[in-house]
Amino acid sequence: MITFPIQQPVAIFFLVLLIILLGPLLFRRLKIPQIVGLILAGMAVGPYGFNLLERDASFKIFGEVGILYIMFLAAVEIDMFHLRQYMKKGIIFGLLSFLLPMGVGIFGSRYAFGVDWTTSVLIASMYASHTLVSYPIVSKFGLSNQRAAVVAVCGTIVAVLLALIALAQVVTVHLSGSFEWWNVIKLFILMAIYAAVVGYSFPWLTRRFFKANNESVAQFIFILALVLLASLLAKLIGLEGILGAFYAGLILNKMIPERSGLMRNIRFVGNAIFIPYFLIGVGMLINVGIIFKGWGVAWVALNMTVVALAAKWLAAYGSQKIFGFGAVDRQLIFGLSSGKAAATIAATMIGYDYGMLNEDIMNGAVVMILFCCLVASVGTERAAKKIRMAITSEDLSHEELGKKEYARQLVAISNPLTAAALMKMAIYMRATDNTHSITALFVRTNEDPSWKAEGRSALREAVQTGENADMRVKGVERFDINVAAALNNVGREENSTDIIIGLHRRSNIVDSFYGTMIEQLLRSTNKMIFIARCFIPVNTINRIFIVVPENAEFETGFQLWVMRLANLGAQIGSRLIIMAYPKTIDYLRATLKEGGYEVRYEFRMMNTFDDFILLSGEVNDEDLLVIVAARKGSLSYSSDLEHIPGYLGRNFKRHNLMVVYPKQF
């Protein structure tokens, strides 16, 4: 016999999955944002609704992991280029988002509710903090790197951190009767130690784990473990776990490229389980019925809701005026910063447990959380739709003007051990909105069964790597007289713009650095060729050193290789260090600026080939050295380029290398 609330674990999980599965279909028909719908569903099935489910340990566990997941996802989806660009604005907004609610909340609570100053500060800290409840909407619309979203996310961390510090000091004053500066100083010292330890150890551990294990499931579990560890360490020093999760996301950001199987797994698990569980759990906490128990609760709830939303709107409006943003940017900032959940719930429970909040104020705070979440979700979705429509219209106009030339890549595959790395290199060099498929080619020149089996295994690995990154990959197996002829023929058939191949290993002492196949290919095609060798996972590359020959700007494919390498740097979060001649630097700077590539770069001036030898000493095992070469007879070819293969063979045997031959007439 079924009794309510349901106690059977399988039945509980089944009902939750049913809500997650069918809820969006119903919400879409009713034109209710999915986030709002999940909260309302939690209210309906929870103890204050139809009492179908009890908020048991599963909701507490999944719910807490869910809010950590939202903060981690917000940090890992931000492009570090945009974060540095808007960091100062985010800090300013964070200060406004903290100071305005604190000021309004302290005096408003003091005179509206008749509480003492300590309780007024506690209530104000609830107004000042906010949670990125509506961030999944921004992620869904692909707006994580929009300036308003980045500013709001940065501001969230500042506001939450200051609000939690204020909350901790209020509790201290309530218990001891005095304010202790030493506690604040101690917290900042622990924060500095925490930032240094996590900031150094997490990237080090991740690089080594990724080198040892290329399996996507294992990598996902490892990353999730680091996020939870960062959250636990943050709690140990007196911070909220959400701050630790966000910091872990920032630290691991560059090792989780946008187009990777790992990022796909992170989004899938979060959107399928953790985040919906969190939202349903928030709904189960809310008891709307208390509003009708008396005017006291209704008045408190109305007051708190209006003050909280008005203060956050003023912060967003002030930021709009200071930064010169548009109205839709203000709407998005307000939508992201008006939601309340984790920190506000914690402050409410702490205040009630210590007797600082009476039952009316506690109930009013719970109702405030509900309405703030509703306003945040609706406001964020409306603003996100407007921004996405504007971006789409701009992209269409650019396409009509023919300003975009997307890569059609042909990747030569033969070894299962290097197939995934070559495919990832190709994927990361593409523009993020490039929808062309990638052609993975395995060439057979004889009927050796072992070679055929190994090549087909490499081809399957390449196709799987592309599918993990949501990329269409066309696998082609071809029999031809030699590899160069096959690459040339398939390149013409597929209208390829780029050919990507692995750097061969020298078979004997008289073998050349590039090998005969590459030399044949260079003579038979004018397409752009990338020859790559990477000993470490592509997403763990630290810096990209690019050596550019004199007069490289006069080659036909100059802008194309700049675009590919800029995309690579942006995707994996690496800084470009470009070694070039003075005149070429001017063209490179103009090309990067005109293309609007979201990547950090710096220039090192060369005047002779000897300068390259000196500068190349800075390249270490975690960097990628890129040589922009030239075919004989081309405008940028010189005798200096003849010495590079020998120099690389002697001094860079264990380094990550890429040689680029630009497209020519």
Side-chain angles (χ1 to χ4, degrees), residues 33 35-36 70-71 73-75 77-79 82-105 126-163 242 246 249-250 305-344 368-369 371-391:
I35 290 175
V36 176
I70 289 175
M71 298 302 294
L73 196 60
E77 284 190 336
I78 292 178
D79 188 280
H82 291 96
L83 183 64
R84 294 184 183 91
Q85 188 176 9
Y86 299 116
M87 176 71 79
K88 292 181 180 178
K89 291 182 173 65
I91 293 173
I92 293 171
F93 168 67
L95 292 173
L96 284 174
S97 191
F98 170 76
L99 294 174
L100 285 174
M102 283 296 293
V104 174
M126 294 159 58
Y127 298 152
S129 67
H130 59 264
T131 307
L132 295 172
V133 173
S134 58
Y135 182 80
I137 297 173
V138 171
S139 180
K140 180 183 72 172
F141 282 98
L143 302 176
S144 301
N145 291 316
Q146 284 298 302
R147 60 183 184 179
V150 176
V151 168
V153 170
C154 293
T156 296
I157 300 307
V158 175
V160 171
L161 176 60
L162 295 175
I242 56 176
F246 184 84
L250 291 181
T305 303
V306 171
V307 171
L309 292 175
K312 291 297 182 181
W313 187 89
L314 286 173
Y317 181 77
S319 300
Q320 175 197 356
K321 294 301 180 184
I322 293 172
F323 307 143
F325 285 177
V328 70
D329 292 322
R330 182 198 67 230
Q331 293 170 17
L332 186 62
I333 292 174
F334 172 65
L336 287 170
S337 62
S338 56
K340 299 192 180 296
T344 309
M368 174 192 69
I369 291 169
F371 283 101
C372 286
C373 287
L374 297 180
V375 170
S377 301
V378 174
T380 302
E381 183 152 332
R382 287 181 178 177
K385 283 182 179 178
K386 291 178 183 177
I387 294 175
R388 172 46 58 195
M389 289 172 65
I391 293 173

Asker: Between S134 (side chain only) and G335 (backbone N and O only), is there a donor and an acceptor less than 3.5 Å apart?
Answerer: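 The answer is yes, because a donor-acceptor pair under 3.5 Å joins these two groups.
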
Asker: Give me the atom names and distance for the closest heavy-atom approach of L95 to V158.
Answerer: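 That closest heavy-atom pairing would be N-CG1, 4.0 Å.
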
Asker: Taking atom CZ of R382 and atom CD1 of I137, what is their separation to the nearest 0.5 Å?
Answerer: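 So the CZ of R382 and the CD1 of I137 are separated by 11.5 Å.
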
Asker: Is the backbone N or O of F93 less than 3.5 Å from a side-chain atom of S97, with the two atoms forming a donor-acceptor pair by type?
Answerer: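 A pair under 3.5 Å: no.
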
Asker: Considering non-hydrogen atoms only, spot the tightest contact between V160 and H130 and give its length.
Answerer: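 Of all heavy-atom pairs spanning V160 and H130, the closest is CG2-O, 3.2 Å.
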
Asker: On a heavy-atom basis, which atom in A128 and which in K312 lie closest, and how many Å separate them?
Answerer: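 Closest heavy-atom pair between A128 and K312: O-NZ, 2.6 Å.
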
Asker: Nearest 0.5 angstrom please: I322 CD1 to I92 CD1, how far?
Answerer: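 Going from the CD1 atom of I322 to the CD1 atom of I92 covers 6.5 Å.
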
Asker: Going through the distances and angles, do D329 and Q146 end up as a side-chain contact (heavy atoms from CB on, under 4.5 Å)?
Answerer: CA-CA 9 Å; D329 292 322; Q146 284 298 302; 5.6 Å; no

Asker: V153 vs Y135, test: side-chain contact (heavy atoms from CB on, under 4.5 Å). Steps then yes/no.
Answerer: CA-CA 9 Å; V153 170; Y135 182 80; 4.1 Å; yes

Asker: Report the C-alpha separation of L250 and L83 in whole Å, then their side-chain angles, then the decisive distance to 0.1 Å, and conclude whether the side-chain contact (heavy atoms from CB on, under 4.5 Å) test is met.
Answerer: CA-CA 10 Å; L250 291 181; L83 183 64; 3.5 Å; yes

Asker: Using the rule side chain to side chain contact (heavy atoms under 4.5 Å, CB included), only one of R330, K89, Q331 pairs with F325; which is it?
Answerer: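 The option that passes is K89.
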
Asker: So V307 and Y127, do their side chains get closer than 4.5 Å, heavy atoms only?
Answerer: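 In contact.
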
Asker: Hey, could you give me the CG/CG distance between L162 and L99, rounded to the nearest 0.5 Å?
Answerer: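 Separation between the atoms: 7.5 Å.
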
Asker: For the residue pair T344 and M368, what are the closest heavy atoms and their distance?
Answerer: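 For T344 versus M368, the nearest heavy atoms are CG2-CE, 3.8 Å.
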
Asker: Looking only at non-hydrogen atoms, find the nearest pair between L143 and A149 and report the distance.
Answerer: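 Looks like O-CB, 3.3 Å.
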
Asker: Quick one: pull up OG1 in T305 and CZ in F371 and give me the separation to the nearest 0.5 Å.
Answerer: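 CZ of F371 is found 6.5 Å from OG1 of T305.
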
Asker: Give a yes or no on this: more than 12 heavy atoms of other residues, nucleotides or ligands lie within 6.0 Å of atom CZ of F323.
Answerer: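 Yes, the 6.0 Å shell around CZ holds more than 12 heavy atoms from other groups.
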
Asker: Of all the heavy-atom pairs spanning I78 and S144, show the shortest one and how long it is.
Answerer: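 Shortest heavy-atom contact: CG1-O, 4.2 Å.
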
Asker: Under a 4.5 Å cut-off applied to non-hydrogen side-chain atoms, are V138 and T380 in contact?
Answerer: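 The answer is yes, as the side chains (C-beta and beyond) meet within the 4.5 Å cut-off.
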
Asker: Measure the shortest side-chain to side-chain distance between S319 and L96 over non-hydrogen atoms and say whether it is less than 4.5 angstrom.
Answerer: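 The answer is yes, as the side chains (C-beta and beyond) meet within the 4.5 Å cut-off.
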
Asker: How about F334 and V375: do any of their side-chain heavy atoms sit closer than 4.5 Å?
Answerer: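 They are in side-chain contact.
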
Asker: List the steps, then state whether side-chain contact (heavy atoms from CB on, under 4.5 Å) holds for I91 with C154.
Answerer: CA-CA 6 Å; I91 293 173; C154 293; 5.9 Å; no

Asker: Roughly how far, to the nearest 0.5 Å, is OG1 of T156 from CG of L161?
Answerer: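 That separation rounds to 12.0 Å.
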
Asker: To the nearest 0.5 angstrom, please state how far the OH atom of Y317 sits from the CG atom of L100.
Answerer: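 Interatomic distance, Y317 OH to L100 CG, rounded to 0.5 Å: 13.0 Å.
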
